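Structure, as structure tokens:
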Protein chains: 2
Amino acid sequence: MAQPVPTGTSVRAEDLTAKARIRNAALDLFAERGEEATSLRAIASAAGVTVGLVVHHYGTKEALREAVELAVVERFSDAIASAPPEGTASEVVAARDRAVAEMLESSPAVVDYLRRAILDGRGQRRDLVTKLSELTANQVRDLRRAGLASTKHSLGEQVVTTMVRQLGRLFLQPLVDRIADEFDESLDGARRPQLVVGVRR
Amino acid sequence: MAQPVPTGTSVRAEDLTAKARIRNAALDLFAERGEEATSLRAIASAAGVTVGLVVHHYGTKEALREAVELAVVERFSDAIASAPPEGTASEVVAARDRAVAEMLESSPAVVDYLRRAILDGRGQRRDLVTKLSELTANQVRDLRRAGLASTKHSLGEQVVTTMVRQLGRLFLQPLVDRIADEFDESLDGARRPQLVVGVRR
DNA sequence: CGGGTTACTGTACAACTGTACAGCAGGTCG
DNA sequence: CGACCTGCTGTACAGTTGTACAGTAACCCG
């Protein structure tokens, strides 16, 4: 679990270790341009180091990607852990959804990276989506053990529902935004249509 | 508009011109791996030609991408044109939605390519999303002129609604499928949850 | 002090990239 | 016939890629 940082204090880039700066730069660039279109040199220069150091710390590009994914998963589990497990089942679920939503809102790079990860998923590779659904599954199991989640539906159904609820809107929003931009004279800010995403069982 | 092909007859690859085979191969590979990760040589060998010919016909990779996008837009407009513009407003809209849905179902590469295009949209570039929303806008304008679409809402709102309805589910489905695969013992085929995507105004 | 691990730079290299271009076969037109 | 165009191959080239590695500076531990 990540070392807690005093709330209200944003971490300044120069205070981080070069290794962390490289990982963060990689997350940003992977999210923005995609993994394939991002060179190790671009990551290095964004982090203020040389290619050599990137290789020194992470060995290969693939290993760097895994480190980035690990960091993303950690942000999720930290966000979930930050929500108090108190109150009724729906209160706990709502608090967790809110914590995840806040985390995603404050780090758009995570959203963009995730969107790509789900899109590109090589399918067989044990990847980010797998890790996240395991995290969600554990979350659901915990709630069940505490008697806070129903056991009427299967675990798989509950995981799908949770993830779609937490992520679905974020995935479709760029489509809506980009179309809205084409007609920007008529659709500004608050009047923008709200997306509805969910699953019917 | 594309030359009509006898229904029930699937076009065999060797009957197509090399230029068309190159464009089709590019669509497939761009959809599967993304544009950045697809080399001209890979496209050439998938089409059974050499790199030289790809350059000969399309000049640059960027021009090839534009040809691919044009072909995608054409598939949409052909699908829409194939739906009879008869009946009530909602009948016409439903028929068009059905025609688009059938086209998308029969060419998964188009779906995958579109997903990427929306994701990667460089924003400022006049790209596929722009072209498709223009196509949709024209479609809406036609329906309005025929008195088949309401003018209560703005054009932008109607375009967003239409595109989200036609495309939204397809974009999120891979997320659902991949999570469902993680729990494949419990979620098979028909019992898979149905996604609900729409906009609330 | 010395020895060793760690953080880091700079350079080197083979593989691959998009693009340019010379050349060739086959057809059409004058 | 020759001139010309089109479809096509093969090769060449400069630039970029991921990775390897030698070397240097800074640190810790004995």
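Chain letters run A, B, ... following the sequence lines, proteins first and then strands; every chain starts at 1. Computed from a predicted structure; not experimentally measured.
- Between the CG atom of B:L53 and the P atom of D:dG10 there is a distance of 11 Å, rounded to whole Å.
- Side-chain contact annotation: B:N24 with B:R21, donor-acceptor N/O pair under 3.5 Å absent.
- Of all the heavy atoms in A:V73 and A:L135, the pair that sits closest is O-CD2, 4.2 Å.
- Electrostatic pairing of A:E102 and A:R98 does not count as a salt bridge here, judged by no charged N lying under 4.0 Å from a carboxylate O.
- Across every non-hydrogen atom of A:A46 and A:A25, the tightest pair is CB-CB, 3.9 Å.
- A salt bridge does not link A:R75 to A:D78: none of the charged nitrogens lies less than 4.0 Å from a carboxylate oxygen.
- Between B:A42 and B:R33, the shortest heavy-atom distance links the atoms CB-NH1, 4.0 Å.
- Put simply, NZ on A:K19 is 11 Å from C1' on C:dT6, counting in whole angstrom units.
- With 3.5 Å as the limit, one finds no donor-acceptor pair spanning the side chains of B:Y58 and B:E66.
- Distance A:I43 CD1 to D:dG18 P: 8 Å, rounded to the nearest Å.
- The separation between A:I22 atom CD1 and C:dA7 atom P is 11 Å, rounded to whole Å.
- One finds no salt bridge joining A:K131 and A:E134 here, because no Lys/Arg side-chain nitrogen approaches an Asp/Glu carboxylate oxygen to under 4.0 Å.
- One atom, CZ of A:R21, and another, C1' of C:dC8, lie 11 Å apart when rounded to the nearest Å.
- Atom pair A:L29:CG and D:dT17:P shows a separation of 12 Å (rounding to whole Å applied).
- One N or O on the side chain of A:S133 and one on the backbone of A:T130 form a donor-acceptor pair closer than 3.5 Å.
- A:L16 places its CG atom 12 Å from the P atom of C:dC8, with the value rounded to the nearest Å.
- Here C:dT9 presents its C1' atom at 12 Å from NE2 of A:H57, a figure rounded to the nearest Å.
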Any protein N or O atoms within reach of nucleotides 24-29 of chain D? Criterion: under 3.5 Å, listing atom names and distances.
none

Base-contact (B) and sugar-phosphate-only (S) positions in nucleotides 14-20 of chain C, heavy-atom cut-off under 4.0 Å, - elsewhere | ---BBB-
